[in-house]
There are 2 protein chains.
Amino acid sequence: MSQWCNFRQLLGRHQLRPTTLRLRVLEILGAAPQALPVQKILALIRTERSVNKVTIYRILGDFCNLGIIRKINPEGRSTFYELACEHHPPHPHFQCRRCGEVQCLESISLDHLCEELKEVLGPGALRVEIRVEGICPKCQALTPKKV
Amino acid sequence: MSQWCNFRQLLGRHQLRPTTLRLRVLEILGAAPQALPVQKILALIRTERSVNKVTIYRILGDFCNLGIIRKINPEGRSTFYELACEHHPPHPHFQCRRCGEVQCLESISLDHLCEELKEVLGPGALRVEIRVEGICPKCQALTPKKV
DNA sequence: GCTCATTTTTCAACTAAGTTGCAAAATAAC
DNA sequence: GTTATTTTGCAACTTAGTTGAAAAATGAGC
Ligand SMILES: [Mn+2]
Ligand SMILES: [Mn+2]
Ligand SMILES: [Zn+2]
Ligand SMILES: [Zn+2]
């Protein structure tokens with residue numbers, strides 16, 4: 001998604017050392033066209049080297065607390081993550097019931113919807129997560145509708 | 001939430017026998033002013049009798065597949081459920097970062113927001129889940145903001 | 001370069017939610 | 001009452017994520 005960020009600089013701004021793993025996690029999230037589950041991130045790194053899952057969980061947890069990445073809670077047991085840099089303002093997501101993938105609906109601004117919601121919610125609302133559920137085009141194609 | 005439904009009838013319509021446990025689950029969800037986590041449902045029933053968690057998971061799973069109840073995926077590891085009868089059309093939810101409770105924002109109609117989203121999504125969208133995150137009034141009161 | 005303090009990564013063990021297959025119990029149909 | 005079907009329970013398992021403490025890597029001061 002974002003080749004535009006300087007990840008070393010980003011980490012520095014948050015007093016985090018630019019270790020190989022931290023940079024790799026950011027690169028992976030930055031290159032992904034969609035939000036990724038932890039397992040996928042782990043698997044990608046493990047094609048190159050060995051890592052302990054605890055390390056990845058801790059890296060993701062730290063990034064999330066600092067607001068560098070966003071955590072997404074989709075249907076199912078695994079959590080997904082995506083970059084939260086200025087090139088990726090918050091947006092709704094689409095999750096496929098078949099394959100479980102989580103697509104970004106970047107064309108839909110959350111700001112607009114949030115305005116409506118905030119009228120009712122007041123200032124207590126810190127974040128809004130919108131998840132649309134359905135069948136993705138890829139899966140639709142696999143099982144064409146019977147006529 | 002809903003004392004207005006005839007649960008025996010509801011189960012009958014779906015060819016499910018009106019067993020004590022199934023009715024109890026519906027009553028609990030119907031009486032709750034908010035969505036409940038599985039653990040809470042289990043705990044409530046266990047104040048009255050002994051139950052195996054598997055049974056509850058199966059009852060909730062069946063209800064969910066039949067559209068009798070709705071599953072909510074909040075932050076955290078436990079799933080929440082709520083009645084999905086005609087008295088409870090889909091609506092956004094508010095989840096507190098402190099206590100984790102999931103309140104229903106019934107005053108906000110999803111239909112309106114869905115219209116906007118559907119323009120972009122086409123007919124592939126089967127369901128929309130909106131989750132607002134923040135601090136609930138109860139928890140706000142416990143930790144008053146420092147002036 | 002060497003020493004010490006701090007940060008990062010690993011390891012092993014654990015927790016908690018949810019699942020599976022099958023047996024026991026309850027219920028309905030005959 | 002006997003039998004077939006549905007529901008519930010039991011035990012064992014899976015999977016995502018967590019914990020605490022040790023080992024390894026790094027950085028600062030010398
Ligand atoms: Mn996204
Ligand atoms: Mn609700
Ligand atoms: Zn799909
Ligand atoms: Zn609260």
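In what follows, chains are A, B, ... by sequence order, proteins preceding strands, each numbered from 1.
- Spacing between atom CG of Leu60(A) and atom P of dA16(D) amounts to 14 Å, rounded to whole angstrom units.
- With sequence neighbours excluded, no residue forms a salt bridge (charged side-chain N to carboxylate O under 4.0 Å, His left out) with Lys40(B).
- Near DNA chain C, defined here as any heavy-atom distance below 4.0 Å, the residues from residues 46-55 of chain B are Lys53(B), Val54(B), listed numerically.
- Rounded to a whole Å, the CG atom of Leu16(A) is 14 Å from the C1' atom of dT26(D).
- Between dA17(C) and Gln39(B), a contact under 4.0 Å exists linking OP1 or OP2 to a side-chain N or O.
- Atoms CG (Leu11(B)) and C1' (dT27(C)) sit 15 Å apart, rounded to a whole Å.
- Here the P atom of nucleotide dT7(C) and the CG atom of Asp62(A) are 12 Å apart, to the nearest Å.
- In terms of modelled atom types and a separation under 3.5 Å, the side chain of Arg127(B) and the main chain of Gly134(A) share no donor-acceptor contact.
- Straight-line distance from the CD1 atom of Ile59(A) to the P atom of dT18(D): 14 Å, rounded to whole Å.
- Here Gln9(A) pairs with Asn6(A), Arg13(A) under the side-chain contact (heavy atoms from CB on, under 4.5 Å) rule; sequence neighbours left out.
- Put simply, Thr19(A) has no side-chain N or O that comes within less than 4.0 Å of OP1 or OP2 on dA25(D).
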Starting from the C-alpha separation in whole Å, work towards a yes-or-no answer on salt bridge (Lys or Arg N to Asp or Glu O under 4.0 Å) for Arg97(A) and Glu75(A). CA-CA 9 Å; Arg97(A) 282 191 184 169; Glu75(A) 165 69 38; over 6 Å; no
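- Between His14(B) atom NE2 and dT6(D) atom C1' the separation is 18 Å, expressed in whole Å.
- Using a 4.0 Å cut-off between charged nitrogen and carboxylate oxygen, Arg131(B) and Glu133(B) count as a salt-bridge pair.
- If you find the closest nucleotide of DNA chain C to Thr20(B) and to Thr79(B), the one lying nearer the 5' end belongs to Thr79(B).
- Side-chain contact check for Leu105(A) versus His93(A): every heavy-atom pair is 4.5 Å or farther apart.
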Contacts table for residues 60-70 of chain B: side-chain donor-acceptor under 3.5 angstrom, sequence neighbours left out:
| unit_1 | atom_1 | unit_2 | atom_2 | d |
| --- | --- | --- | --- | --- |
| Asn65(B) | ND2 | Gly61(B) | O | 3.3 |
| Arg70(B) | NE | Glu82(B) | OE2 | 3.0 |
| Arg70(B) | NH1 | His88(B) | O | 3.4 |
| Arg70(B) | NH2 | Glu82(B) | OE2 | 3.4 |
| Arg70(B) | NH2 | Leu83(B) | O | 3.4 |
| Arg70(B) | NH2 | His88(B) | O | 2.5 |

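- Residues passing the salt bridge (charged side-chain N to carboxylate O under 4.0 Å, His left out) test with Lys138(B), sequence neighbours excluded: Glu101(B).
- Comparing atom distances between the Arg22(B) side chain and each of dG18(C), dG20(D), dT6(D) picks out dT6(D) as nearest.
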Quick one: do Cys5(B) and His87(B) satisfy side-chain contact (heavy atoms from CB on, under 4.5 Å)? Show the steps, please. CA-CA 8 Å; Cys5(B) 296; His87(B) 309 103; 3.3 Å; yes
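- Distance, Asn65(A) CG to dT18(D) P: 11 Å, rounded to whole Å.
- Rounded to 10°, the angle separating the first-five-pair axis and the last-five-pair axis of the helix from dG1(C)-dC30(D) to dC30(C)-dG1(D) equals 20°.
- Going from atom CG of Leu21(A) over to atom P of dT10(C) covers 6 Å, rounded to whole Å.
- Closest-nucleotide positions on DNA chain D for Arg77(B) and Gln15(B) were compared, and the one nearer the 5' end corresponds to Gln15(B).
- Along DNA chain D, the nucleotide nearest to Tyr57(A) and the one nearest to Arg17(B) differ in position, and the one closer to the 5' end is contacted by Arg17(B).
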